[in-house]
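Note that the structure is predicted; figures quoted are calculated from it, not measured. Numbered from 1 within each chain, the chains take letters A, B, ... in sequence-line order.
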Amino acid sequence: MPTACLLLVFFCSCVDKQDFDQYDDLGITPSYEASILYIEAPEVYINAITGVNIITQNFNFDAFATDIFADRVLDGTITYEIENTTSKELEITVEFTDDAGNVLDTEVFTIQPAPTAIDRREIQYGNGGRPIDIITNTSNFRVTAQNNGDNTSTSGIPDAKITLKSSAEFRLRLK
Amino acid sequence: MKSTRLIYCAFLLAGLFVHAQNKQVLYDFTEIPQSLMVNPGARTDFKWYGGFPALSGVSFQAGSSGISVNDIFADDGLDINDKFRDRIIHGMDARDELSGTYQLELLNVGFRGKNPDNFYSFGIYNEGDAIGYWFQDYAFLGFEGNAGMLNRKYDLGHLKTRGEIVNVFHFGVNRRINGKMTGGIRAKIYSGIVNFHSTRNKGYFVTTEGQNNLLASTLVADMRMRTSGMNAVWDAEKEGDLVGTFLKRGFFGGDLGLGLDLGFSYDLNEQTVFTASLLDLGFIYHANDIRTYALKGEAAVEGIEILPQDLLDPNNDFWQELVDEVEELIPFEIDERSYLTFRPTKLYASLRYNFGEPIQSQADCDCGITPASRNRNRAKYVNGIGGQLYAINRPRGPQMALSAFYQRRFGNFMALKTTYTVDKFSKTNIGLGLNLQAGPVNLYVLADNLLAYRNLAASRYASFQLGINIISWGGKN
């Protein structure tokens, strides 16, 4: 009798209906953010350059091209913040280029002389914004800064300079 | 895709079936020879016993303190993403654990010595044990990411896990010290097959407002994962020689260690018995096929930073410089130095009150219920009731369980024991054990958390033990 009871426990156990196909519907899409690029050029440096272009620089940036990112990115935002405390109007151009040097995207900032408010701009990629392919194919940035003013005047603000700050927030599909 | 799903389901199932190694039904169930394995000082009346090889002791226990399969996969019409987020990511914390153990006796033999007060037992068993605490902050980071979580520190210490597979060779002596006291000791040699160990991780990852740039990402890490035998097993799997590798490492070709079990039973009066045991007081020295992976250092990154002095060197690969700098600040290193691990030591104690009619022992002796009856094999009472304590040493400190039990004997051919156990996994854990004696053949089946059998998928804990032995009590058989 006790044996029967024990066997009954084992063999008459129940399992509520489970639906393991739900796993297919599970989506794991975290969003990650980090800084990308920071450039600083003091007014002293700008005044020392005789030409119009004060900065023309290519930056290798492999983070977007890595498989773990490029294969999984869904959408995101790149945020720029530019502050000009120099005495001249400056034009900053940020270009996204691929391995072959083709320009995939361009962002132009024209910043008035000091005192100016901080120019903050958020550019959406994917999800209704610019094509996310721009990001996944980007392997370099090209930054150009052009002095639209003179190269003799100086700002009354101490430690005058132009700064470009940027960060990225992207949503990835991990599952 | 299917393999990913299988791995995922296995993970959750592992979580379902995990629990500490409490054998509360077997403990002090002295009709079963394997009770000597949880208390070498248990009172025995056998002349000798022999377990059926590989069938004398099979046990499996598993459970989770935080989640069940039913919580996620129940066909309840709820969105799995909501269930996953609410019940796993936000529902579990770093103290929740997923753990499990199994034990398979390969050989277990016992015999009474020339001095009938001594009973010897020896054998070999294979044991696997693993525990993983819920890696809460890693899960947050993986499921939600760090966006919008400024100043939120993700604790790297939430990775806390250990596990091993080991063969244990043991020899025990059980001795009736006097009319009231029986003591026992069991020496063990451990032959480690695989081991992994990562329990003292420290550090954090945090995103803060940057000094120059918009954000600063800071990683402070002091992490280490030690493994032994894992590479040998992976290589063997590729070469199709998994069994050979397990046998080689399990029979003194892997890591070696020593251990001890201690225990006693003491009659407080004619009907009240106090017992206690301390198991696996030992260590394993891992010196074979070692890989220790370490990540130690700290770095704060604000992306590529081009300062005025850098503008003079336009050909610099600033990205590669950044990567190299981080790798230098937080190096990932692998070494092969040996290490020592201590076994998860277990403590049992029980207080039992026996009552009802006495049952004559099957042993060939002049047995009675009192110590004065020169009794090595004192008669047993029909009923026993009492309480048990269990504790095991775990990476986050001791885990405890309290049990109440009732045991009923039906002559010398059958005994039943039922337990009610409270621990961090369950407050409704009812266990039942059956011991059958058909002539010399002994069969036992013990199961735990029986209420969970109403819906196995909702259970956070399950365990069973079974075995077959041949027992002789000497002349009366």
Exercise. Can you name the closest pair of heavy atoms from B/L78 and B/K83 and give their distance?
Worked result: O-CE, 3.7 Å
Exercise. Is there a donor-acceptor contact under 3.5 Å from the side chain of B/T418 to the main chain of B/G431?
Worked result: yes
Problem set entry | Shortest non-hydrogen contact between B/N213 and A/S166, atoms and distance | OD1-N, 3.0 Å
For this session: Go through the side-chain N and O atoms of B/Q407 and B/E31 and say whether any donor and acceptor fall under 3.5 Å apart.
Result: yes
Exercise. Does the A/D62 side chain pair with the main chain of A/A65, one donor and one acceptor, at a distance under 3.5 Å?
Worked result: no
For this session: Identify the residues of residues 118-143 of chain A whose heavy atoms come closer than 4.5 Å to a heavy atom of chain B, ordered by number, or report 'none'.
Result: A/R120
Problem set entry | Max heavy-atom pair count under 4.5 Å with chain A, selected residue of B/L322, B/D76, B/I306 | B/I306
Problem set entry | Residue A/E169 versus chain B: region with a heavy atom under 4.5 Å | side chain
For this session: Would you kindly say whether A/E40 and A/Y38 are connected by a side-chain donor-acceptor distance under 3.5 Å?
Result: yes
For this session: Tell me, for A/F59 versus chain B, whether the close heavy atoms (under 4.5 Å) come from the side chain, the backbone, both or neither.
Result: side chain
Exercise. Minimum heavy-atom separation for B/L215 to A/S167, with atom names?
Worked result: CD1-CB, 4.0 Å
Problem set entry | Choice from B/E302, B/M149, B/Q320 maximising heavy atom contacts with chain A below 4.5 Å | B/E302
For this session: Select one option (side chain, backbone, both, neither) describing which atoms of B/E305 are under 4.5 Å from chain A's heavy atoms.
Result: both
Seminar exercise, completed: Against chain B, residues from residues 71-105 of chain A with at least one heavy atom under 4.5 Å, in numeric order, are A/T79, A/E81
Problem set entry | Heavy-atom pair count under 4.5 Å with chain B, highest-scoring of A/A63, A/A41, A/P42 | A/A63
Problem set entry | Exercise: do B/N442 and B/Q437 side chains pair donor with acceptor under 3.5 Å | yes
Exercise. Between B/D137 and B/F140, is there a donor-acceptor pair closer than 3.5 Å when you use the side chain of the first and the backbone of the second?
Worked result: no
For this session: Provide the closest heavy-atom pair for B/F318 versus A/Q57 in the form atom of the first, atom of the second, distance.
Result: CE1-NE2, 3.4 Å
Exercise. So does A/E107 have more than 12 non-hydrogen atoms from other groups sitting under 6.0 Å from CD?
Worked result: yes
Problem set entry | Greatest number of heavy atom pairs closer than 4.5 Å to chain B - which of A/K161, A/R171, A/K17, A/E33 | A/E33
For this session: Return the option, out of B/V301, B/L141, B/D79, with the maximum number of heavy-atom pairs under 4.5 Å with chain A.
Result: B/L141
Exercise. Looking at B/G210, B/A216, B/G303, which one has more heavy-atom pairs under 4.5 Å with chain A than the rest?
Worked result: B/G303
For this session: Using a cut-off of under 4.5 Å on heavy-atom pairs, state which of B/V323, B/L307, B/N146, B/D317 scores highest against chain A.
Result: B/N146
For this session: Look at B/A147, B/A74, B/G142 and state which one has the largest set of heavy-atom pairs under 4.5 Å with chain A.
Result: B/A147
Problem set entry | Ring geometry between A/F170 and A/F64 (parallel below 30°, tilted from 30 to 60°, perpendicular above 60°) | perpendicular
Exercise. Among A/D25, A/I39, A/L37, A/I28, which residue forms the greatest number of heavy-atom pairs with chain B at distances under 4.5 Å?
Worked result: A/L37
For this session: Identify the heavy atoms of B/L434 and B/L416 that sit nearest to each other, and give their distance.
Result: CD1-CD2, 3.7 Å
Seminar exercise, completed: Shortest non-hydrogen pair, A/E43 vs A/T154, comes out as OE1-CA, 3.4 Å
Exercise. Between B/F73 and B/I80, does a side-chain contact (heavy atoms from CB on, under 4.5 Å) hold up when you go through it step by step?
Worked result: CA-CA 8 Å; B/F73 290 108; B/I80 189 172; 4.0 Å; yes
